[in-house]
Number of protein chains: 2
Amino acid sequence: MGSEVNETKPQQQKTLKGLLSEVQSINKVALSVDCVIFGFDENKLKVLLIKSDLKKYQGKWTLLGDLVSPDEDLDAAAYRVLKQRTGMDDVFLKQVKTFGKLNRHPAGRVVTVAYCSLINVQSHKLRIMDNELHWQDVGSLVDSEMGFDHKDIFLTCYKWLQKRVQEHPLGFNLLPKKFSLRELQNLYEAILNRKLDRRNFRKKFFSMNFLIDVGEEEHNVHHRPGKLYKFDFEKYEKKKKVWAGIDF
Amino acid sequence: MGSEVNETKPQQQKTLKGLLSEVQSINKVALSVDCVIFGFDENKLKVLLIKSDLKKYQGKWTLLGDLVSPDEDLDAAAYRVLKQRTGMDDVFLKQVKTFGKLNRHPAGRVVTVAYCSLINVQSHKLRIMDNELHWQDVGSLVDSEMGFDHKDIFLTCYKWLQKRVQEHPLGFNLLPKKFSLRELQNLYEAILNRKLDRRNFRKKFFSMNFLIDVGEEEHNVHHRPGKLYKFDFEKYEKKKKVWAGIDF
DNA sequence: TCAAAAGTGTTCATTATACACCCATGA
DNA sequence: TCATGGGTGTATAATGAACACTTTTGA
C-alpha cells in the first residue's frame with residue numbers, strides 16, 4: 001500500500017535551457033480554435049456552420065475554425081476566424097472548453113479550443129451569402145450529425161449558453177441595440193427551449209432595473225407597437241452582484 | 001461600407017493531404033496542463049504548490065503541471081501529473097480554462113490547460129513530504145505572488161470552485177467519505193470565505209435529501225459527537241435537476 | 001460541573017408562479 | 001370593427017434569512 005505509488009518519478013529542478021529544448025522539440029501539437037457562432041433570426045436560435053473541408057466528412061456540417069499560429073494569441077485566433085467569416089469586429093466571444101481527444105482529427109493530433117460567439121444577425125446579414133456558410137436551426141442541429149467531434153463541441157457550448165444566459169446579460173448580443181420586451185422574451189424562449197410567462201418575464205426584467213426605455217416604439221408591426229429598450233451595461237458592471245445560495 | 005470587410009480571405013476547400021502538411025509543419029505549439037489541487041485541512045482550504053523549477057521564478061510558488069505529450073490525451077496528462085505528485089488515483093479533476101497568452105512562459109510559446117482538482121487530504125497525508133511540495137492556505141495565496149501566470153490561473157480556478165460548489169456536489173471530494181455536518185459547513189465556509197447560519201445550513205442539506213445517516217458518530221472530540229453522513233451520489237445523478245431562474 | 005458544540009422550529013421577508021382583462025394599433 | 005399582441009396586478013406558494021434554547025458528551 002505504497003509501493004505502487006509514483007510510477008513516474010517527479011521531475012527534477014529544471015534549467016531554462018533544459019526546458020527550452022523540451023518545449024522546442026517534439027513535445028508540440030497543432031492547436032486550433034473552433035467557434036460556435038450563435039445568431040437569432042425569425043425567432044429561432046441559429047448556429048453558423050460550413051460544409052466540411054475534408055473528404056472524410058464530406059456533406060457534414062462543421063464549426064468555423066482554424067489553426068492557431070505559434071505567434072498568435074488564442075483569443076486573437078478566435079477573433080480572426082470570426083472576422084474572416086462574418087466580417088464582424090467587436091463581437092461577443094468567450095472561451096468555453098478545450099477538446100483534446102487523441103483521434104479527434106484525421107490529420108493527426110489537433111487540440112482545439114472552443115469559443116462561443118453571439119452575434120446580431122441583423123447588422124450583417126449580407127456578408128455571408130457567399131461560401132458554403134449556413135445558418136442552421138439549433139433545434140434541428142441537436143438531432144443531426146456533424147463532422148469531427150463538432151457535435152460534442154456544439155452541445156457543450158449550447159448548454160453553456162443556456163446556463164449562462166440566465167445568470168449574465170449575454171443575450172443582448174444577439175439582439176439589436178434597441179429591442180422590445182417581446183423580442184427579448186422570444187430570445188430567451190428560443191435559447192431555453194421553453195415557454196415563459198409573459199407577465200412574470202416582464203416583471204423580472206423590470207425589477208432588475210437594467211432596461212432603459214429609449215422612448216421609441218416598434219415599426220412595421222400589425223398590432224400595437226411595443227416600446228423599445230436598451231440594456232444598461234454600465235449600471236450592470238457597477239453592481240457586481242455576489243452570487244449566493246447553495247442548491248443542487 | 002463593405003470594402004473593409006474580409007481583410008483575410010476565407011479558406012478554400014482543403015484536402016486531407018494539404019491539411020496534414022499544415023498540421024505537421026510549423027503550426028505547432030507546446031501544450032501543458034496545470035493543476036490547481038485543492039485540499040481541506042484544519043478547517044482551511046489549501047492549494048498544493050511547488051517551488052518554481054526555473055531560475056527566473058526562483059523562490060516563487062507555482063502550480064503542478066507538465067507538458068502534454070503528442071500522443072497523450074489532455075485529461076490523461078492532468079491525471080498523470082496528479083498521480084506523480086500525490087500518488088492518488090481516481091480523484092476529482094475538471095478542466096476549467098485554457099491560458100494561451102503569447103509570453104506567458106519564458107521558454108517560448110506554451111499554451112496551458114488548467115484543471116481544478118479536489119482531493120481528500122486525510123487519505124494521503126504522507127505521500128507529499130518529499131519534494132518541494134507545500135500546502136498553502138488559499139487565503140494567503142490570494143495576496144501573494146506566483147510564478148508564470150499561475151496567479152491568474154489559480155484565481156480563475158478558485159472563483160470557479162466558489163461558484164460551482166454552490167450548484168454541484170463537488171465539495172464532498174474534499175472530505176472523508178463519512179463526515180459530520182459541522183465539517184461540511186466548515187468546508188463551505190472556508191471555500192466561500194464567509195460565515196453561514198448553522199440551522200439554515202442543516203435545513204438546506206437535509207431538505208435536499210442526499211445525505212445518508214451512516215449510523216456512526218464522531219470520535220475523539222471534546223464535546224458531544226456529531227452524527228456522520230455520506231453523500232448519496234447515485235440519487236443525485238438520477239435527479240438531474242433542471243436549472244431555472246433568470247437572474248443577474 | 002463545566003465547556004463546547006449538537007440538535008432543533010418559528011417568524012418574517014422575499015421571491016416565484018399562476019392567471020385574465022382592457023388597450024392601442026394597423027389592416 | 002376586428003385581429004393581434006401590448007401592457008398591467010393580485011393572490012398564493014415556496015424559499016431564504018434571522019434568531020435562542022436545551023441536550024449530550026468528554027474533560
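A, B, ... follow the sequence lines: proteins, then strands. Residue 1 opens every chain.
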J.: Rounded to the nearest angstrom, tell me the gap between atom CG in B:Asp247 and atom C1' in D:dT15.
T.: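 These atoms are roughly 14 Å apart.
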
J.: Using a cut-off of less than 4.0 Å, is there contact between a side-chain N or O of B:Arg182 and OP1 or OP2 of C:dA6?
T.: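 Yes, within the criterion.
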
J.: Stepwise, does the side chain to side chain donor-acceptor pair (under 3.5 Å) test hold for B:Gln166 with B:Gln162?
T.: CA-CA 7 Å; B:Gln166 298 189 65; B:Gln162 288 186 313; over 6 Å; no

J.: Are A:Phe206 and A:Tyr229 an aromatic pair by the rule of ring centers under 6.0 Å?
T.: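 Close enough - the centres of the two rings lie under 6.0 Å apart.
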
J.: When you measure from the side-chain N and O atoms of A:Arg224 to the phosphate of C:dG26, is any distance below 4.0 Å, counting only OP1 and OP2?
T.: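 No, A:Arg224 has no side-chain N/O under 4.0 Å of OP1/OP2 on C:dG26.
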
J.: Looking at A:Lys151 and A:Glu145, is there a salt bridge between them, counting it only when a charged N and a carboxylate O are closer than 4.0 Å?
T.: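 Judged by the 4.0 Å cut-off on N to carboxylate O distance, A:Glu145 and A:Lys151 do not form a salt bridge.
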
J.: Pick one: which of A:Phe205, A:Phe233, A:Tyr236 meets ring-ring contact (aromatic ring centres under 6.0 Å, His included) with A:Phe210?
T.: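 Of all the options given, the one that passes is A:Tyr236.
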
J.: Nearest whole Å is fine: how far is D:dG5 P from A:Asn43 CG?
T.: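 About 11 Å, once rounded to whole Å.
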
J.: Consider the side chain of B:Arg199, meaning its heavy atoms from C-beta on, and name the nucleotide among D:dA20, D:dA17, C:dA20 that approaches it most closely.
T.: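 Of the candidates, D:dA20 comes closest.
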
J.: Could you state the atom-to-atom distance from NE2 of B:His223 to P of D:dA27 in whole Å?
T.: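 So the two atoms are 11 Å apart, to the nearest Å.
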
J.: If I take atom CG in residue A:Asn200 and atom P in nucleotide D:dT12, what distance separates them, rounded to the nearest angstrom?
T.: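 Computing the A:Asn200:CG to D:dT12:P distance gives 16 Å.
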
J.: Is there a side-chain polar atom (N or O) of A:Lys227 under 4.0 Å from OP1 or OP2 of D:dG7?
T.: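 It does not, given that no N or O in the side chain of A:Lys227 lies less than 4.0 Å from OP1 or OP2 of D:dG7.
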
J.: Rounded to whole angstroms, how far apart are CZ on B:Phe201 and C1' on C:dA6?
T.: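 Rounded to whole Å, this separation is 14 Å.
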
J.: For B:Phe38 together with B:Phe92, are the ring centres under 6.0 Å from each other?
T.: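 Ring centres of B:Phe38 and B:Phe92 not closer than 6.0 Å.
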
J.: When the nearest nucleotide of DNA chain C is assigned to B:His222 and to B:Ala244 on a heavy-atom basis, which residue is associated with the more 5' position?
T.: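 Its nucleotide being nearer the 5' end, the pick is B:His222.
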
J.: Would you kindly give the CZ-to-C1' distance between A:Phe179 and D:dG6, to the nearest whole Å?
T.: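 Whole-Å distance recorded here is 16 Å.
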
J.: Nearest to the side chain of B:Arg198, which nucleotide is it out of C:dA6, C:dA27, D:dA17?
T.: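 Nearest listed nucleotide: C:dA6.
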
J.: Can you work out whether A:Pro225 or A:Lys204 has the more 5'-proximal nearest nucleotide on DNA chain C?
T.: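 Final value for this comparison: A:Lys204.
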
J.: Round to the nearest Å and state the distance from A:Asp197 atom CG to C:dA20 atom P.
T.: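 It works out to 11 Å between those atoms.
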
J.: Tell me whether the OP1 or OP2 atom of C:dG9 has a side-chain N or O from B:Lys203 closer than 4.0 Å.
T.: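 No, B:Lys203 has no side-chain N/O under 4.0 Å of OP1/OP2 on C:dG9.
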
J.: Rounding to an integer number of Å, can you tell me how far B:Asn220 CG sits from D:dT25 C1'?
T.: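 The distance from CG of B:Asn220 to C1' of D:dT25 comes to 13 Å, rounded to the nearest Å.
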
